[in-house]
Enquirer: 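Got a structure for you, questions after.
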Number of protein chains: 2
Amino acid sequence: MSSPCSRHPHPHRLIQQPLTELTEKLRSKSRKITAPRQAILEVLRRHQHPITNKEIHAALGTADCDLATVYRNLHTLEDMGMVRRFDFGDGVARFELLEEGDDGHHHHLVCTGCSAVVEVDGCFPTELEQALARRHGFTRVTHKLEFFGLCPKCAPAAPASV
Amino acid sequence: MSSPCSRHPHPHRLIQQPLTELTEKLRSKSRKITAPRQAILEVLRRHQHPITNKEIHAALGTADCDLATVYRNLHTLEDMGMVRRFDFGDGVARFELLEEGDDGHHHHLVCTGCSAVVEVDGCFPTELEQALARRHGFTRVTHKLEFFGLCPKCAPAAPASV
DNA sequence: TTATGGATGCAAACCGATTGCATCCACGGT
DNA sequence: ACCGTGGATGCAATCGGTTTGCATCCATAA
């Protein structure tokens, strides 16, 4: 359901820095290395697709902590640039752990049937984004872009059109 | 703050069908033409940028109705294809009235400072979207895309970079 | 070892949005 | 022009995701 596409690997999502390296980053910014934080980072490390606060909380297992703590820590990690927040338009925030030096800017292809997620490499409208910024005098322009569709498994019985 | 760019008009947002034509569309789908509905359509007609339920409710004036009625009617209008829902990522739904025959697919450039909105004509990643769909076997692929940045008025005192 | 400020647990609050239910009224049928 | 009916509305309760106030706890530096 959420296995990466084998023919078109997305390496930036598969390799992950070890936990110690992550906690070291916490230490370097004088944030405390607590049990909930380590557990949350461990969960994030194991997931290559955006994951919700609730899913993180559920995946903590024995290292359980309060849901509010999960929310607070994801804010902290986001502020520190260690995770990136994604919005699939369903009113639930999702997060991905970032590699060192990666700003995490990429997009997803989400199945509207089963919620399967494909990581999309590359970013398209960069030139158009700059033209847009210039035209309207905007600065620091970025964008949010996500794709939605039906995955092969969820394709309708009588396939209509592409 | 929200005046359309004069050098690059966005006609699809400026002309609007008369109210009678809108209510006629309601009648044709056997929905009742009620006072709240007319008032809501009138408000939508006057706004060329996406507007929230709460903003619509506030703009009703004398034709006031319950906020829940606004929510319900926007669902109805969306189902009928008369309005399109947009998501600026702040957890609040926004709506635009659609022209006859327009599916409303377009994007926005939103100022993160003052929330000014510029309508963006044209749609970019169509070819890439199809390539993406093909590659992963997805069908009926669409996308959500919105741009964010700082408008000229909100540009920082010491401008950094584009 | 200590003290100190950040982190946590718990519960309440918040906010956009939805819904159950009684009442109301727009509209087709007569 | 009048009825009857089912959709529409008002009101209040509810829901789900998220945030926050506060007392307590504990990771870290001194």
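Everything numeric in this text was worked out from a predicted model, so none of it was measured. Just the heavy atoms: all of them, side chains too, but no hydrogens, waters or symmetry mates, feed the values below.
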Enquirer: Looking at D:dT18, C:dA17, C:dG9, which one has an atom nearest to any side-chain atom of A:A93?
Expert: D:dT18
Enquirer: Just the rounded figure in Å: distance from P of D:dG17 to CZ of A:R94.
Expert: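 In whole Å, D:dG17 P lies 10 Å from A:R94 CZ.
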Enquirer: Which residue lies toward the 5' end of DNA chain C, A:D64 or A:S30, if each is placed at its nearest nucleotide?
Expert: A:S30
Enquirer: Between CD1 of B:I40 and NE2 of B:H57, what distance do you get to the nearest 0.5 Å?
Expert: 9.0 Å
Enquirer: Can you tell me how far P of D:dG17 sits from CG of B:D90, to the nearest Å?
Expert: 18 Å
Enquirer: Go through D:dT9, C:dT8, C:dC27 for me and flag the one nearest to the B:T34 side chain.
Expert: D:dT9
Enquirer: How many angstroms lie between atom NZ of B:K144 and atom NE2 of B:H107, to the nearest 0.5 angstrom?
Expert: 12.0 Å
Enquirer: Checking contacts here: which listed nucleotide (D:dT18, D:dT28, D:dG21) is nearest the side-chain heavy atoms of A:R72?
Expert: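 Closest nucleotide among those given: D:dG21.
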Enquirer: Measure from CG on B:D66 to C1' on C:dT19 and round the result to the nearest Å.
Expert: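 Going from B:D66 (CG) to C:dT19 (C1'), I get 12 Å.
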Enquirer: Are any of A:N53's side-chain N or O atoms less than 4.0 Å away from OP1 or OP2 of D:dT19?
Expert: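 Negative; the distance criterion is not met.
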Enquirer: Check every strand shown and say whether B:L67 touches a base, only sugar-phosphate, or nothing at a heavy-atom separation below 4.0 Å.
Expert: nothing
Enquirer: For residues A:E146 and B:H143, is any side-chain donor paired with an opposing acceptor at under 3.5 Å?
Expert: no
Enquirer: Which nucleotide sits closest to the side chain of B:Y71: C:dT18, D:dT18, C:dA7?
Expert: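 From the listed options, C:dT18 comes nearest.
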Enquirer: When only distance counts, do a donor and an acceptor, one from the side chain of B:K32 and one from the base of D:dG6, lie under 3.5 Å apart?
Expert: yes
Enquirer: Kindly state whether the ring of A:F86 and the ring of A:H106 have centres lying under 6.0 angstrom apart.
Expert: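 Close enough - the centres of the two rings lie under 6.0 Å apart.
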Enquirer: Is any side-chain nitrogen or oxygen of B:R31 closer than 4.0 Å to OP1 or OP2 of D:dA8?
Expert: yes
